[in-house]
Asks: 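Here you go, one structure.
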Amino acid sequence: MNHKITYFKLLGLTAGLVFSLFSCTKKETESPGNQGEIADKAMVVSAREEASKIGLEIIQRGGNAFDAMMATEMALAVTYPFAGNLGGGGFMVYRMADGTVGSIDYREKAPSAAYRDMYLDENGEIIPELSTKGAMASGVPGTIAGIFEAQSKFGKLTPAEILQPVIDLAERGFVVSSRQAERLLKLRETFIEVNGPETFFGKEIKGGDTLKIPVLAATLRRIAANGRDEFYKGETAKILAAHMQSKGGIITESDLADYEAVWRDPIVFPYKDLKIISMAPPSSGGVTIAQIFGMIEPLSIGQYPFHSPEHIQLLVEAERRAYADRNFFLGDPDFVDIPVAELTAGEYLKSRMESFTMEKATKSEDIAAGEIAFAESMETTHYSIVDAEGNAISVTTTLNGAYGSKLFVDELGFFMNNEMDDFSSKAGVPNMFGLIGAEANSIAAGKRMLSSMTPTIVEKDGKLWMVVGTPGGSTIITSVVQTILNVYEFNMGMQEAVEAPRFHHQWLPDLVSFEPNSFDSVLISNLKSKGYQIMENNNPIIGKVDAILVLPSGKLEGGADPRGDDKAVGY
Ligand code: DON
């Protein structure tokens, strides 16, 4: 494509390690446009430099991607409490060097005392903030179960070896970025309101300060010594359950003891000569991107210039139809039957696009979920890792909103999620991401709430090609699709594809949102004249993609999103 515009210009562990990391990392000019870090063997891209470096250090010490997952995830819990967590959950998709694929679901679950109308008052109206702030907003956390399950099945080192550098980091402290300080300041009053005046994040924290979290170091030390059961059945579980109940929550010791991460078959589908491997329900990510790619494939999106009206219309119209299905059909597969094969079948997707025309926008009110014949019926973080053996993992993990429920367990050193808001509290009423849910995603005891997290791995010609994912609530799905298309159809390199401005549509509300100040006014007028309703301002959440591309030479190019403090490191 000739239309290749890049709009954005853009603690060490030991001195020896830092030197070796950077001396082995050099620039390569294989892909045009802004280039990311290039590495020969292995790479970690995450929301914080310290977390990427700890993950890479584990690989350099002989660990693999699953060992690095445990290290990176916990280092994010220390340095990026905005989304990195012990009190949340996530999903991991893997592809081993031999081509075997799989995924693990460590999504939070509704506590056993949860019930369908728990966020409604006596008039059936939603009680403001009950599903977003404080102890009632939290699901039973899955993160520790997920990282231990993955590491014990595939890892090579011991949890104690892996967690030691993270414990050291929590004790030694990390430097707070100005972005972090700004967010902490904005929420300081809320932290105090939810947790009391003595709470850890109630203090004034400035950019450049070194923040130590010794109580989190102590929690991690117990987990390193006693394993995953420390969190779910040990002293940590007792403290956590007692804390939640003292704050008016319903999570009990037996809810924690009952939690299990679940291995699930990923959603695997072709797009031209790519094979895309992504997360299955209870994440909507895999099914929804399979629908979007399936709808656009016969219409050759790559024939249109990048960010031309046709490129945008085609994607928006596919998204409109896919999100209508998402919101109706998808939920926890352990509770509802999901017609995955039917929803992703080529003929069905073709029929969904029959009403599409380049002349004018389809109205979302004219699109309902498709008719399927089947038996029955804001914060997250992503990291991508390729290890020295060629294994790849793609992990998205979250507390849901920024710092989750804002409930900080001061005795343990971490925030609790507000993932209960991802359920449909009341049919037809949007959640914090404007998503409208249906019966399939209603609340029930022990059920997992529907997610949009889309950790994804892509193969080309049978070989590993890309590892990709992002935070961003409902915009996760559309950001992942755009990043893959930017490289595959619009010939960008990895960093360039991550930096390119993004747009989003999710059926309802019937709006197309554009990253502010990044799209041409002529383009916007063209789309408006065809009946698209555009939201250009006030749209801060549009993903923060962290990805890795295998270049034709076999080297790895990292794409670290400049919308955050994200960092790719490799060797
Ligand atoms: O699982 C989900 O879809 C949401 N809880 C993700 C939240 C998120 O990405 C917030 N980040 N901006």
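Here, residue 1 is the first one in the sequence, and each next residue gets the next number. Indexing begins at 1, ligand by ligand and atom by atom, following the structure's order. We use all heavy atoms of the structure for the numbers below, so side chains are in, but hydrogens, waters and symmetry mates are not.
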Asks: State the atoms of ligand 1, each with its element, that fall below the 4.0 Å cut-off from a heavy-atom position in M453.
Replies: 1 (O), 3 (O)
Asks: May I ask you to list the atoms of ligand 1 that are less than 4.0 angstrom from any heavy atom of S452?
Replies: 1 (O), 2 (C), 3 (O)
Asks: Considering the heavy atoms of R107, write down every atom of ligand 1 situated less than 4.0 Å from one of them.
Replies: 1 (O)
Asks: Does T398, backbone or side chain, put an N or O under 3.5 Å from an N or O of ligand 1?
Replies: no
Asks: Between E419 and R107, does the salt bridge (charged side-chain N to carboxylate O under 4.0 Å, His left out) criterion hold? Intermediate values first, please.
Replies: CA-CA 9 Å; E419 219 73 62; R107 182 68 159 169; 3.2 Å; yes
Asks: Is the number of heavy atoms from other residues, nucleotides or ligands under 6.0 Å of E182 CD greater than 12?
Replies: no
Asks: Measure M449 to ligand 1 on non-hydrogen atoms and call it side chain, backbone, both or neither using the 4.0 Å cut-off.
Replies: neither
Asks: Under the 6.0 Å and 45° cation-pi test, does R48 pair with F174?
Replies: no
Asks: Given D422, T380, T475, identify the one with the heavy atom nearest to atom 7 (C) of ligand 1.
Replies: T380
Asks: Under 4.0 Å from any heavy atom of I476, which atoms of ligand 1 are there?
Replies: 9 (O)
Asks: Please give me the minimum heavy-atom distance between M494 and G559, naming the atom from each residue.
Replies: CG-N, 3.6 Å
Asks: Does any N/O atom on G473 come nearer than 3.5 Å to any N/O atom on ligand 1?
Replies: yes
Asks: Hey, are R352 and D325 close enough for a salt bridge, meaning a charged N less than 4.0 Å from a carboxylate O?
Replies: yes
Asks: Test Y403 against every option in Y80, F408, F191 by the ring-ring contact (aromatic ring centres under 6.0 Å, His included) rule and name the one that passes.
Replies: F191
Asks: Do H307 and F503 have their ring centres less than 6.0 Å from each other?
Replies: yes
Asks: Which atoms of ligand 1 sit under 4.0 Å from any heavy atom of G472?
Replies: 8 (C), 9 (O), 11 (N), 12 (N)
